[in-house]
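Notes follow the structure.
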Amino acid sequence: MNIDKSIFLEKARLIRRKVVETSYNSKIPHLGSCLSCVDLLVYIYWFVLKIQIEKVDDPNRDIFILSKGHGAPALFQVLAEKGFFEEKLLDTFGKSGSFFHEHPPKPGYINGVEAATGSLGHGLPMALGMALAKKIKGLSSSCFVLLSDGECNEGSIWEAAMLAASLKLDNLYAFVDYNKWQATGRSQEIMALEPLAEKWKSFGWEVDEIDGHDFNSIDNAYKKIKTQLNKPKIIICHTIKGKGISFMEDDNNWHYRVPNEQELKNALYELEN
Amino acid sequence: MRNAFASELTKLAKEREDICLLSGDIGNRMFDNFKENAPNRFINCGIAEANMMSMAAGMALSGLRPFVYTITPFTTTRCLEQIKIGLAYHNAPVVIVGTGSGLSYSELGPTHHSFEDMAILNCLPGIKVLAPCDQNELKAFMREAITLDGPIYIRIGKKGEPILNTHQQIKIGKVTELMNGNQFLILCLGPITSEAIETSNKLKEILGLKPTIVSMGSLKPLDEKFLMTQLSKGYKYWITLEEHSVIGGLGSTVADFLQKNNSPKSIKLIKLGIPDEFIHKLGNQKFVRSQYGLDSEGIFDVLEKLC
Ligand SMILES: Cc1ncc(C[n+]2csc(CCOP(=O)(O)OP(=O)(O)O)c2C)c(N)n1
């Protein structure tokens, strides 16, 4: 095992643990949604983004937007672990008067958050604007977005997709957390999402399709699409909602539920072993 | 309230073949009963609210009676032009239902808050803007809505709202007096009415006062006939209470009414609602209401100072 992969595994396990604990302590839902994208967030924050924590307002920093804003509990843990703010701030998670609740607020309240999300379908178009701004200003940095599959129901996603291709924004990267569920059912049953990769391809994007929990797959795909010029890029990441905790995996009840004490114990036990 | 919505709509769908339900990937399991009874009249339209709204317009123009249901910001401002053109301009008989209105999803932050929905829809010609205070008003409004022409917006809460209106005759555009008193006239819109009722207990206990508390039920049509009768009642203060911006909602509408009808100068209007700002320090509905003085104690404090 190489060194990179061990950081990936270690951080992903740590973030999963904290997300589960927070969900229990603060009664925050969307646990399945968070667990499904932890690996992608860890990859993006530890292996992709060029951001200096001391210079978070550097105009030439890379930008990440969590377009599936309900994954905020995972994002907040990642930001704390990366050192964007002191971990003890997370003690206020879910408490009255805190900025740490179910979605990322607008910039300025939680260090490292680049855009308020929570209403699905806003993150990609905003990142499109930011990527274009970088081009106009002659900056070399990039914008990264994490989308959910249900979010790809929104017309605004496809409007952004067409424009990004026409603007040839090769500094715009999207990852789809493709866990096959949305709030009330299977993504494919609600909207005919498939063939998802073909759709993005036909919209003019450079596309790869991989296992979104496997470090090597993610890493290879990212390194490959990165070299593509004149096109926006997307990696369709096949994931499992609730990934990492056997009794939550692929069970959409964990979109809404928070664990009880026994479930918390079982979950933590699984993550330790 | 949302459960009452689901069960009442299921009843209506059994009675009438033209009732359809369009939902934007929310309400997990809530509509199981509806789906069982009218499987082809339940459409999960996905997370694509603009499309859902225009589609409802098309269905209504084809003789059906669609109800469109999702979280308030997504069923109102997210698809505003679809409402303006498809529903209001075409006078399409669609019932829009916004769930989790105002501060009901307070912890979810500004993306899920709605303090502007009524103001915005209020200025679209031909659309009725209703905000029932409890499930009794909601059910009555739903039943009446499907007998009327044109689009209707119903703004509801979440769950667990207390029942306040037990009157037999609940009608769209007609207020219900929940408490008859003197000194203050409190005009309320939506489930936040319960805070005024709670305040009245304290008013009675501590100050020996009994206010008049009215559930408006509807912003448009406004029950002007009722308001006219109140002009001469000698109230020094008219107080409006809503879980909505103080701009453009009940407070503004009542101010317009008073101005239009040359109300006696002695009447002072006090608008209780959300100020013109986004909320960053989050918490549950109770917490945020208290931050803005919109809970029973905050209302009591306002009234006490007026005595
Ligand atoms: C515009 C909009 N409509 C509806 C919602 C309510 N909502 C929150 S999460 C969600 C669906 C979640 O499914 P998906 O987007 O696939 O993400 P997952 O949780 O499966 O990762 C919905 C409909 C929303 N947040 N924004």
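A quick note: this is a predicted structure, and the numbers were derived from the prediction, not measured. Chain letters run A, B, ... following the sequence lines, proteins first and then strands; every chain starts at 1.
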Relative to each other, are the rings of A/His30 and A/His103 parallel, tilted or perpendicular (30° and 60° limits)?
tilted
Okay, B/Gln291 and chain A: the region with an atom under 4.5 Å from a heavy atom over there is neither
If you tally heavy-atom pairs under 4.5 Å against chain A, which of B/Gly283, B/Pro110, B/Ser106 wins?
B/Gly283
Pick one of side chain, backbone, both or neither for A/Ser119, based on which atoms fall under 4.5 Å of a heavy atom in chain B.
both
A cation-pi test, strictly: NZ or CZ of A/Lys201 under 6.0 Å from the centre of the six-membered ring of A/Phe203 and no more than 45 degrees from its axis. Yes or no?
no
A/Ser96, A/Gly94, A/Cys152: which one forms the most heavy-atom pairs within less than 4.5 Å of chain B?
A/Ser96
Any sub-3.5 Å donor-acceptor pair from B/Thr99's side-chain atoms to B/Gly157's backbone N or O?
yes
Under 6.0 Å between the ring centres of A/Trp158 and A/Trp200?
yes
Interface moiety of B/Ile26 toward chain A, non-hydrogen atoms closer than 4.5 Å:
backbone
Honestly, the part of B/Asn51 sitting under 4.5 Å from a heavy atom of chain A is neither
Taking the side chain as everything from C-beta on, heavy atoms only, tell me whether A/Glu114 gets closer than 4.5 Å to A/Phe64.
no
May I ask you to name which of B/Leu282, B/Asn284, B/Val288 has the most heavy-atom pairs under 4.5 Å with chain A?
B/Leu282
Name the region of B/His280, side chain, backbone, both or neither, that has any atom closer than 4.5 Å to a heavy atom of chain A.
both
When the ring planes of A/Phe84 and A/Tyr45 are compared, do they come out parallel, tilted or perpendicular, using 30° and 60° as the limits?
perpendicular
When you measure from the centre of the six-membered ring of A/Tyr109, is the NZ or CZ of A/Lys106 under 6.0 Å away and within 45° of the axis?
no
Interface check, chain A: of B/His112, B/Arg78, B/Met30, B/Glu49, most non-hydrogen pairs under 4.5 Å belong to B/Arg78
Please state whether the side chain, the backbone, both or neither of A/Thr117 comes within less than 4.5 Å of a heavy atom of chain B.
backbone
Using a 4.5 angstrom heavy-atom cutoff, name the option from A/Glu151, A/His70, A/Met191 with the most pairs to chain B.
A/Met191
With a 4.5 angstrom heavy-atom cut-off, could you sort out which part of A/Tyr256 is near chain B: side chain, backbone, both or neither?
side chain
Of all the heavy-atom pairs spanning A/Arg16 and A/Leu35, show the shortest one and how long it is.
NH2-O, 3.0 Å
Backbone N or O of B/Met118 within a donor-acceptor pair of the B/Asn122 side chain at under 3.5 Å?
no
Heavy-atom distance under 4.5 Å to chain B: side chain of A/Ala116, backbone, both or neither?
neither
What part of B/Arg29 gets closer than 4.5 Å to chain A, counting heavy atoms only: side chain, backbone, both or neither?
neither
